[in-house]
Amino acid sequence: MRSMIIQAKTMQIPINILCKYPFLNASMEYVKQKAIAPIDALYLHAGILDRIRTIFADAMENKEETKALAHDSDDAIYLYPWIRIILAFMKLPRVTNKVANLLSKQFNKLLVIEDESTLVLIARDQGITITRVAENQAIVINTVSFPFRLPVLEFLKIEAKFKSPAWKLVNRLLQGGYVFLRKHDIARMIEELVKNKVSEVNPALNDEDLKNTFMAEPPLKIFYDGLLASTKEKIATTGSVDEALPIDDSAFPPCINAILDKNTKGVNLTHSERLFLVYFLLTIGKTVEEVLDLFRSQPDYNEKISRYQVEFAAGKHGKQTQYKPHNCMTLESLSICKKADPIFGSKRCTEPKTPFKNPLTFYRRTSWVRAHGASQSMMSNASKSETPDQEKTPKESEPE
Amino acid sequence: MNNYVKALFQAYYHEIPLASLTPVDLPKREFGFIIPDKKGMIRHKAFVDAKDYKAFLVQNVPIHAYYSATLYNSPWKDRMDLKDYTGCDLIFDIDCDHIDTPCKQEHDTWTCKECGQHGTGKVPEKCPSCNANSFEEKSWLCDECLTKAKSETVKLIDDFLAWDFGLPPDSTGIYFSGQRGFHVHLEGEKFRTMATDERREFADYITATGISLPSLGFNSKGSAITGFTIKDPGWRGKIATRLLRLLDDLGNDTDTSALSHELQETLKMDKGVLEQRLKNKDPNWTLKKIGDAKWNSIMNFIIADIKCEIDVPVTIDIHRLIRAPNTLHGKTGFKNMKLTRDQLTTFDPFTDAVAFKGNEERIKMLGDVPRFRIEDRNYGPYAKDDIETMSLGAAVFLMCKNLGVVA
C-alpha cells in the first residue's frame, strides 16, 4: 500500500500523504477507485466508528488536537468522508462547526511541519496554485523566508474570509501580481479551506437513501443513536450564548449608535448606512414595522419604496435571502465604522485580545453580559445587602 | 438642455462611428439614460445590437448615458433579482469631488436651502448658521482639479495596478469621465468573478484602509526601530521608497508642509544616516531623536501621500451604472473618451475632450461665471448679462451648465 501512488489530474500523490490528509481531492479519488460501498467500508475498516466517537467527543470539548486522526492505515481515508456523512445526518450546526474546527486545526499541525514540495502538492490539490519562488528571487524579510507565491486574485478568494488584520492584502507582500507567502501561511490557508469544506452542507452527503440504509443496520443505528445522545448531552451541559434575549437597544455598537443619532436628527443617511442599519436591526429581531418607524424621520421618506426595501432585506421578496449586516472591515471601508469616534467610539471595539469582527458580535456579547451580569449582580447584591459599601455603583457595573 | 445644444448632441450621435460607441458585451448590459423632459432616470434598457443602441441615442438625445459594469442574462428585467447576474467588471473611479484641492475655495460654492447662508469650498456637514443639512451646491472645473485627478489616475495605474497587481497598463481601460475625473475598467473574466469582499480588499489595498504597521513588520523594541527596505514588496517597499524621497525633499524646495515643522527639523538632523541605510537596504531605522510616536506621525504622512483617492463604493458595488463610453456629458458637452496610458500623460480634457469645435458663438451670461479655459483660450470671469464671443466648445460648456444662451 505504501508504494501506491494516486494520480489526480496532473499530480501524483503518494498513498501515505492521502492517508495523512484525507480531505484531498486525490484521497476522494482513491476512495472512488476502490469502489467500496460506503456502508461496506465501515465493516471493512472496523476501527472507523470508534475513531468517529473519539473525534466527536474531542470536538465537543473544544480540543484542537485528536489522536483519532492517526494515519497509520487507509482507514483514515474512509474516516474523513464518514465524519462528514454523520454530520450531515445530525444537522447540528454547532457540532459541525466544532468538528470542522478540530479537524482543520489538527491538519494545520501536520502541514506546518511538512516538507515544501509536499505542501505544494497538497495546496495545488486544493486549488491553491502556489509556486515555489526561484532561489535568486526568494523574499527574505528580517531573516524570515517567503518561499511561495500565489496570484493575487486567488489569494483574495481565500483571504477575504480571514478577518485578522495580518491577513489583509494591504499588510501582505504583493508585487507583480503575486502575494509572497511563508510556509505556515499556506498551512493556514489549507486549514481554512478544510474548515469551510467540513462546515458546508454538501447535498451529496445529505443522502436520505444512505441514511435509511445506515439506520437499517442495527449495530450502526445503535452507534449513531449513542453518538447523537452523548453529543446532545454535551451541548446541554455546556450551555449556549445564543439563547434568545430580549432586544437591548442600549447594547448597540458605536456604528449603529452613530447612524441612529444621525437619523434622530433628521440627517439624510447614505445608502450604505441605511442598508447596514436595516440588516442589523432585522437580524437582532426587530420587526419590519419597527424598522420602518425609524425611517419615518428621514427627510426623503417614502412609505412604498421603504417598505419594499425593508421587506426585501427581511427576505419577503426576491430570492428571499435574509441579509446579514456588514462585518467590521467592510464598515471601515465604507467609513461607517465609528470605533475611534470621540462621541460614539468604544474601546471595546479595539481591545486587542478580543476584537469584534462583526457589530452583531458586539451587540450579542454586550446584551448577554448585561442580561446575565444584571441577574448575577442582583444575586450578589442580595447576598451582600448587609455590606453596602462593597456594592458596585451603577456606573461601575456598566460594561464599558 | 436647450434646442441648440440638443441639435449638436444629436448630430454627434449621428456621426460617431458605431464601433467607438459600443461597449464590450453590449447585449448583457443594462443601460440607463437621463433624457430631457422625462422624469428621473430611464433604467432597465437593453440592446441586442449596437445599431439599436445608436438609434436610441440619436432619437432620444440623452443628457447622460450610463451602462452597467455588470453583465446579466436578462438586463432588461426591472428587478435586480430577476436580471440574472453573471459577473461585473472591476471599476475604479477617481473624481475631483473626492480630492481636496485648494482651488475649490475659489470656484466651488454652496448655499443653505434653509437660511440662505452662502460659502465657498467644500460643502459643510451642517450649516454653520442654522445647522440644517441641505444645500445647493455649485461646483466648477479647473485645470488644477483635473490635473490632480489625472495624477491620481496615473498613480493608480502605474504604482498600484501595474507594479503591485502586475496588470500592464495596456490591459486596463482608461476613460475620461467627461466632467470631473477618470474611470479605470478591468474587464477580464478573472475580475468579473470577484466577490464583493474580494473587491473591497482590492480597494482597501489602494486606499491603505486597514493598514497596520505592526502587521507589516514595523517593530520597536526599546529604542530600536526595525523598518522596511526599498526592495521589499507591497506597502513596505512603498513606504521605504517614499521615506527616501521625503529625505531628499527636505533638502530642496519641494512642499513638505503637511509634515510638522518639528518633525522636518528632527528628520533633517539624522537625514544622512537614514538616507544611507535606506540606500543600503538596511531596515534599521533607529535614530536617537525619533521614537515611536514621531515615527507614527511620519508614517501617517507618508501613507496619506502614497495612497490613491479612489471612490471605494464604486469599486465594491457590483450593480453600478457608469457613464457609457464615448457618450457626451450633459454638464460639460465633453466626450467620455477612452485613452491609452501614453495618451493619458499628455491628455488635456479642456482641449482633447471638447466635442464641438469650429464656429464661434456670441453668448449671454445667465449668472456669474468663474474663470475657465477651453482649448488654448481663457475665459471669464463674467457677470450676469455679460456678452462674449467664444469658441463653440466654450459656448456649449456654458450652455450645458445653464450659465449661458446664444445672444
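These values consider heavy atoms only, across backbone and side chains, with no hydrogens, waters or symmetry-generated copies. In what follows, chains carry the letters A, B, and so on, assigned in the order in which the sequence lines appear, proteins first and then strands, with residues in each chain numbered from 1. Quick caveat, the model's predicted, so the values are computed rather than measured.
No side-chain N or O of B/Arg200 forms a donor-acceptor pair with one of A/Ser333 less than 3.5 Å apart.
Counting only heavy atoms from C-beta outward, the side chains of B/Phe202 and A/Val152 never approach each other to under 4.5 Å. Contact annotation: the side chain of B/Glu198 never approaches that of A/Glu159 to less than 4.5 Å [non-hydrogen atoms, C-beta and beyond]. Within the 4.5 Å cutoff, side-chain heavy atoms of A/Phe312 are placed close to those of B/Asp81. Counting only heavy atoms from C-beta outward, the side chains of A/Leu173 and B/Trp235 never approach each other to under 4.5 Å.
Of the inter-residue distances, the one linking B/Asp232 atom CG with A/Phe180 atom CZ reads 11.5 Å to the nearest 0.5 angstrom. To the nearest 0.5 Å, atoms CD1 (B/Ile316) and NE2 (A/His326) are separated by 9.0 Å. In this structure, the separation between OG1 on B/Thr229 and CD1 on A/Ile141 is 6.0 Å, given to the nearest 0.5 Å. Taken from CD1 in B/Ile211 to NZ in A/Lys168, the straight-line distance is 10.5 Å, to the nearest 0.5 Å.
Annotation for B/Tyr205 and A/Val170: closest pair CD1-CA, 3.4 Å, computed over non-hydrogen atoms.
Under the side chain to side chain donor-acceptor pair (under 3.5 Å) criterion, A/Glu191 pairs with A/Lys105, A/Asn108, not counting sequence neighbours. The side chain to side chain donor-acceptor pair (under 3.5 Å) test applied to B/Ser134 returns no partner, not counting sequence neighbours.
Per-residue counts of heavy-atom pairs under 4.5 Å with chain B were compared for A/Asn142, A/Leu334, A/Leu156, A/Val179; the largest is that of A/Leu156. Most heavy-atom pairs under 4.5 Å with chain B, from the set A/Glu332, A/Lys157, A/Glu154: that is A/Lys157. Chosen from B/Gly234, B/Ser215, B/Gly166, B/Pro233, the residue pairing most often with chain A at heavy-atom distances under 4.5 Å is B/Pro233.
For CH2 of B/Trp295, the number of neighbouring non-hydrogen atoms (other residues, nucleotides, ligands) closer than 6.0 Å is greater than 12. When the shell of 6.0 Å around NZ of A/Lys339 is examined, it contains 12 or fewer heavy atoms from other residues, nucleotides or ligands.
The main-chain N or O of B/Ser212 is found under 3.5 Å from a side-chain atom of A/Asn171 such that the two form a donor-acceptor pair.
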